[in-house]
Amino acid sequence: MATKDTVLETMKQAGTPLNAGKIVELSGLDRKEVDKAMKELKAEGAIVSPVRCKWEPAQK
């Protein structure tokens, strides 16, 4: 599974907005990989920020 998919799946399973540190903790991925994946997901519009510094999957 690609890092982006893992990050998105972790967010969906949590059910609440998460910051990068919590995603690292829950998924076991490296922080740099999570940051890179989140940057790509933001550019694609796959994740949105309902509150400052926390992200959740976009409702499509």
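All values below come from the heavy atoms of this structure, side chains included, with hydrogens, waters and symmetry mates left out.
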Of all residues at least two apart in sequence or in a different chain, which pass the side-chain hydrogen bond (donor to acceptor under 3.5 Å, both in side chains) check with Glu40?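 If we apply the side-chain hydrogen bond (donor to acceptor under 3.5 Å, both in side chains) test to Glu40, skipping adjacent residues, there are no hits.
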Any pair with a residue in residues 18-28 that passes side chain to side chain donor-acceptor pair (under 3.5 Å), sequence neighbours left out, goes on the list, sorted by first then second residue, please.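 Passing the test, one end in residues 18-28: Lys22-Glu25.
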Distance from Lys42 atom NZ to Lys39 atom NZ, nearest 0.5 Å?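 Here the rounded value is 9.0 Å.
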Please, which pairs that meet salt bridge (charged side-chain N to carboxylate O under 4.0 Å, His left out) have at least one residue in residues 49-59, sequence neighbours excluded?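 Checked against salt bridge (charged side-chain N to carboxylate O under 4.0 Å, His left out) - neighbours excluded - no pair reaches residues 49-59.
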Give the other cluster members for Val48, using side-chain heavy-atom distances under 4.5 Å between Ile, Leu, Val, Met, Phe, Trp and Tyr residues; answer none if it is isolated.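 Direct or chained contacts put Val48 with none.
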Who else is in Val34's hydrophobic cluster (ILVMFWY, side-chain heavy atoms under 4.5 Å, direct or via others)?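 Traced through the cluster, Val34 reaches Val7, Leu8, Met11, Leu18, Ile23, Val24, Leu26, Leu29, Met38, Leu41, Ile47, Trp55.
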Do you know which two heavy atoms are closest between Gly45 and Ala58, and how far apart they sit?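 Gly45 and Ala58 have their closest heavy atoms at O-CB, 3.4 Å.
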Who passes side-chain contact (heavy atoms from CB on, under 4.5 Å) against Asp30, sequence neighbours left out?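 side-chain contact (heavy atoms from CB on, under 4.5 Å) check on Asp30 returns Lys32, Glu33.
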